[in-house]
Amino acid sequence: MILPPSTLGMLGGGQLARFFVIAAHEMGYKVVVLDPDKMSPAGLLADKHLCAAFDDVNALNEMVHTCAAVTTEFENVPASTFAVLNNRVSMHPSASAVAICQHRIMEKNFLRDHNFPHVPYAVISYEKDIPANDSGLYPGILKVARFGYDGKGQVRVATAYEVLTAFKTFDFQQCILESRLSLDYEISVVLARDLVGNIAAFPTIENAHCNGILDVSIAPARCSVEINEQAQKLARRVAEKLGYVGTLGVEFFVSEGILYVNEMSPRPHNSGHFTIDACVTNQFEQQVRALCGLPLGDTRQHSNAVMVNLLGDVWRGDSEPDWRVLFSQSGLKLHLYGKHETRPGRKMGHYTVVGNEAEEVLKSAMNARLAIGIVKPKSSEVNNSGVLLAQINAYEESSY
Ligand code: ADP
Ligand code: MG
């Protein structure tokens, strides 16, 4: 076991790393953050911020010498980074688990090879791989294999010709074409797996995305007992098959009553932020615990929770939103990430409303959205996220 006051290493300095630093500090650990941005949210709180590229050998050597163990907050860790760290410092999750989650083709092949229910797909490496119009994959979504997140690097396509056009705009990078499901709703399971294979999962979460970015999460998810059990079981099996150690997010689609694994995040997940305010142990403390070889914490949820992401759009120009309207709600917990640059679509913070009554919690969270000026998206821009999104829209409609 790695015990306090040992030093832990974190690759990446975004909000997920920031919450890791906070959890580690509360538990008595020190943290070194590696991130090239001198104003990174986690770097600002860390005991030491190595302001360098992720493959900077000097910085990585310093991590090896000062850290008892190293983890990551994002999937796009370069292979060369792992090459420097491997066998020199304890690193979780492993390079191989991260490699699968960071590459959509490897990820989908992993799901296929282990018989996980997944969306039908085709790998597109060359023009000739583009499936014909009658392949059953249309309407579809074309996704670049690497470096896509929050809906970036994705285009909706209806025909082979549209795939070709999109493939060109992606500079012929390897892609996958997925058939586009009509979603009843989306859910996710966040869990942690320790060094000896114990797993502790949080309750299943219901998610609505807008423009490919997570918008609202409700925990526990309002899904059937069967779907819930299946999702929990599948998420555990994903973690086992990956030989995963750490906190893992598994995203699911439910379409026409059928559950599909969408993708995995080899790190805490945005939809798991409710655990900070509504669970005995949060997903970041679990990440620390798994990394350090401590027993996993109790994942019990003690309050109903609804989380709402605060994107840069809420900042009109340079003016700061009126935070008083959020602080005035006693059951609302505001989390701002300390990002210095505001951009539309950028995750700047989130809030979680907690309480005993699920309906009341959802209503308060929706009211707070209106109060802080979250704008209802035009329906054409919205991803088909099913019932929850429809409910959010209906709620906002009725309030105008
Ligand atoms: P990211 O890495 O950006 O999270 P995802 O593959 O999870 O990429 O896609 C983001 C969102 O886009 C999903 O949560 C879902 O709302 C929508 N989406 C993605 N793929 C599909 C699909 N095959 N069918 C329907 N909706 C999809
Ligand atoms: Mg996703």
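In listed order, ligands and their atoms are each counted from 1. For the numbers below, each heavy atom of this structure counts, side chains included, while hydrogens, waters and symmetry mates do not.
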**Prompt:** Quick one: which of H269, H209, E186 has a heavy atom closest to atom 16 (O) of ligand 1?
**Reply:** E186
**Message:** Just to be sure I'm reading this right: ignoring hydrogens, which of R104, K143, Q154, E107 gets closest to atom 20 (N) of ligand 1? Compare them by their nearest heavy atoms.
**Reply:** K143
**Asked** Does some side-chain heavy atom of I105 sit less than 4.5 Å from a side-chain heavy atom of Q174?
**Response** yes
**Asked** Below 4.5 Å, heavy atoms only, C-beta onward: do T352 and V306 meet side chain to side chain?
**Response** no
**Asked** Is any N or O atom of L181, backbone or side chain, closer than 3.5 Å to an N or O atom of ligand 1?
**Response** yes
**Asked** Short N/O distance, under 3.5 Å, between K152 and ligand 1?
**Response** no
Interfacing atoms of ligand 1 (cut-off 4.0 Å, heavy-atom, [X]):
X	result
N262	5 (P), 6 (O), 7 (O)
I141	18 (N), 19 (C), 20 (N), 21 (C), 22 (C), 27 (C)
R180	24 (N), 25 (C)
E251	7 (O)

**Connected via hydrophobic side-chain network under 4.5 Å: M106 and I176** = no
Between the side chains of [X] and [Y], is a donor N or O closer than 3.5 angstrom to an acceptor N or O?
X	Y	value
N270	H350	no
H273	N309	no
N228	T204	yes
D113	N109	no
S271	S188	yes

**Message:** For N207, which part has a heavy atom under 4.0 Å from ligand 1: side chain, backbone, both, or neither?
**Reply:** neither
**Asked** How does L214 reach ligand 1, by side chain, by backbone, by both or by neither, if only non-hydrogen atoms under 4.0 Å count?
**Response** neither
**Request:** Look at the rings of F74 and F54 and say which category their plane angle falls in: under 30° parallel, 30 to 60° tilted, over 60° perpendicular.
**Result:** tilted
**Request:** Check all N, O or S atoms of E251 and name the one closest to the Mg ion (ligand 2).
**Result:** OE1
**Message:** Checking one value in my table: which N/O/S atom of E263 lies closest to the Mg ion (ligand 2)?
**Reply:** OE2
**Asked** Does ligand 1 have any atom that is closer than 4.0 Å to a heavy atom of S179?
**Response** yes
